Structures are given as structure tokens and as C-alpha cells.
Amino acid sequence: MIVPVRCFTCGKVIGSAYEPFKTRVENGEDPAKVLDDLGITRYCCRRMIISHVDLIDEIKPFS
Amino acid sequence: MNIEILEMEETRAKLLIYNAEPQTVNALRRTLIADIPKMAIEYVDFHLGPIGSGEGGRVADGASPLFDEIIAHRLGLIPIPTDLDVFRFRNECEHGPEESCELCTITYTLHKVGPCTVYSGDLEPVNGERYRPKDPLIPIVKLDEGQAIYITAYAILGTAKEHAKWQVTSGVGYQYYPIVSLDSSKCRNCDRCLEVCPKKVFEKVDGQLVVKNPENCNLCGACVKECEGVSVEGDPTKFILQYETDGSLSARETLEKALEILAQRFEDFRESISEMK
């Protein structure tokens, strides 16, 4: 759906990192380096970003 | 218990604690996780029905693709800047439990008309600009054409014992201070310990193996498996504790508050013991 606000496991705020991550990876940067750069170092937080499927646009027309 | 600061950034800290026992450091860890108060959005009023956009008299439906409960939950998780000298718990305020004042509540409004993404930075603080969320880029919901959102939200003080949205710290952990030693008489100069170490504790200086960064060691023991000449132990009186905060409080404020709460708790305990007879 929409990216979670916080990491399910540790509670770090990760919602704000998803959009920069997506645009930078689409521009050809190495995903691992982008995550390090955004300060997402633990693997619990990293999986939140890399495994996220953004489906909000699919359900957006149905309110 | 002595505390030495190894690293202290705005939202991240690494401390060296010595002359301590595991139970004392664990008490500090648990306090950091569960007992630090902070502000978080607890009540959310949704405006139902048509919402005007203010420009050109466009009217949108007061509905969004996510359920109101999900939006309220997402709002609750946003870190809100907290001044612990100003705010107090609502039930400790002088007025009744159903009322609110500027000392126990921060009010926010949120008004947006689609198509757009609603971010945490769109929350407008009523009490003053300093309460604007520090992280303005957390997406709350996406709106399509003809959808709109108009919300009044109220943040109150709480602790993580009640709900994780009031948890200030994340990734709080401690380990024994590592003691890495080399027995050069057993060293075969194979450099295997140097290769397997994931934290780059060892280094070669003038052909001689030395322990360069003992503080990096995470006691994994990979080097001990490779060579008899290496020994890795933890010092049970010395600890490395590290934590992050979500930005509502700085790392330093959090630590000071945790130590204050711990001291107060031990003081209360001592008093109740002395009354027991």
C-alpha cells in the first residue's frame, strides 16, 4: 500500500526515506549505498524500504 | 557507574559505561526505551462531507483512499518536537481530564485537496511554528482528483509503556567492552584473523599483526575459530551502549531524562523501603 511510517521491528522513522531512495535508484545509483547515505543501517529498516511495493496509486481512485 | 561519551550527534549516541554491572546498564536501556515521555498525536478529528479548496470555489469530497483509522495511526507515528520543560501529562494538568490547554496539548490542522501527496510537513501547528514536525517528508496519504482531507489533530504527552508511538529511542543496545589480545608466540602469520574479521579490528603494521581498533569488535569470535593465538573476551564491568532517537528529542536530552527518571525511581524505592520497618 503506502510506505510505512516506521520500521516494524525497531521503530525508526523510514517513511521519509522511500521517495529519495526510489528516485536515486531509478537514476542509476547503487541501492546499498543510497540506504547507507540515508542513514538506514540496520537490516530491519533496510528491508522495510527494499521490500516495499507501492500500491497506493492503484487503489487511489476508490475512496 | 561512570559514563563517557564516545559519540554524541543530534539523534544518535554511543556511550562507554564503566564500573557498572549488566543489570544497571539494562535498567538504563529499558528506561531509554519505555519511560521517556514525548508528544505524539493521540486524537484526530476528521471533517466529513464536502471540503472547499479555497481557490475557484472547487469542492472536493471529504474522503481519501485510506481508512480514517489508518490515517490517524500514521499521524500518531510522526515524531513531534517536544520540550520536556514546557509540557506535562494531561492527567497532571490542573483542568479536568476531558479538557486541554497549551501546556498539555499541541493542536495541528491539515487541509489538502487532491490530486497530491499529503506529507507530515503539511501539518500546520496552531501553538507555534517550533512544533512543526522536523521530518517534513513522511507521506501520510495520497489523494486523487476530487478527494480532500481536512483534519484537526491533538498531540499529547505519553510514554512508550502505553503505545510505541511515544517511543523516543530505537535500536537501543549494549555489549561488553571487547578485550582483544594476541599471543605472538602462537601466531603463524597466516593473516586469516585479519581476513575473517568483519569489523576490521586487526591491521598489519610493518609486517606485524596488531590490534588496531578493539572498540569495533562485536565479539563475533570469527578470528578465534581461525587461530589459537587470538583471544576475544568481554569485560563484564565495561559496556558500550548505543541508541538513536526519532528526532522529537535530541540524544543528549534523552539520556539526561533517562538518568533523571532512574534516579527518581531509586529514590522512591529507597523511601518506601525505609517506611517499611
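A note on names: the letters A, B, ... follow the listed sequences, proteins ahead of strands, and every chain is numbered from 1. What you are looking at is a predicted structure, and each value in this text was computed from that prediction instead of being measured.
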Toward chain B, the part of A/Pro4 with a non-hydrogen atom under 4.5 Å: backbone
Where does A/Ile56 contact chain B at under 4.5 Å (heavy atoms): side chain, backbone, both or neither? side chain
With respect to chain A, which residue among B/Ser120, B/Ala164, B/Pro79, B/Pro136 yields the maximal number of heavy-atom pairs within a distance under 4.5 Å? B/Pro79
Exercise: do A/His52 and A/Asp54 side chains pair donor with acceptor under 3.5 Å: yes
Within-4.5 Å side-chain heavy-atom neighbours: B/Leu15 and B/Tyr243: yes
Over all heavy atoms of both residues, which pair between B/Val168 and B/Ser248 is shortest? Give the atoms and the distance, please. CG1-OG, 4.3 Å
Between B/Leu66 and chain A, which part of the residue has a heavy atom less than 4.5 Å away: side chain, backbone, both or neither? side chain
Report yes if the distance between the aromatic ring centroids of B/Tyr176 and B/Phe239 is under 6.0 Å, otherwise no. yes
At a heavy-atom separation under 4.5 Å, does B/Tyr119 approach chain A through its side chain, its backbone, both, or neither? side chain
Which bit of A/Val13 comes within less than 4.5 Å of chain B, counting heavy atoms only: side chain, backbone, both or neither? side chain
Minimum side-chain heavy-atom gap B/Thr245-B/Ile36 below 4.5 Å: no
Is A/Glu58 reaching over with its side chain to a backbone N or O of A/Leu55, donor-acceptor style, under 3.5 angstrom? no
Contacting region of B/Ile140 [heavy-atom separation from chain A under 4.5 Å]: backbone
Taking every non-hydrogen pair under 4.5 Å, which of B/Thr11, B/Leu143, B/Thr117, B/Ile78 racks up the most with chain A? B/Leu143
Please confirm whether the backbone N or O of B/Ile41 pairs with a side-chain atom of B/Lys165, one donor and one acceptor, at under 3.5 Å? yes
Counting heavy-atom pairs under 4.5 Å with chain A, which one of B/Leu77, B/Ile33, B/Val172 comes out on top? B/Leu77
Would you mind reporting whether A/Arg6 and B/Asp246 have side-chain heavy atoms less than 4.5 Å apart? yes
Max heavy-atom pair count under 4.5 Å with chain B, selected residue of A/Ser16, A/Cys7, A/Cys10: A/Ser16
Under 4.5 Å from a heavy atom of chain A, the part of B/Gln167 involved: both
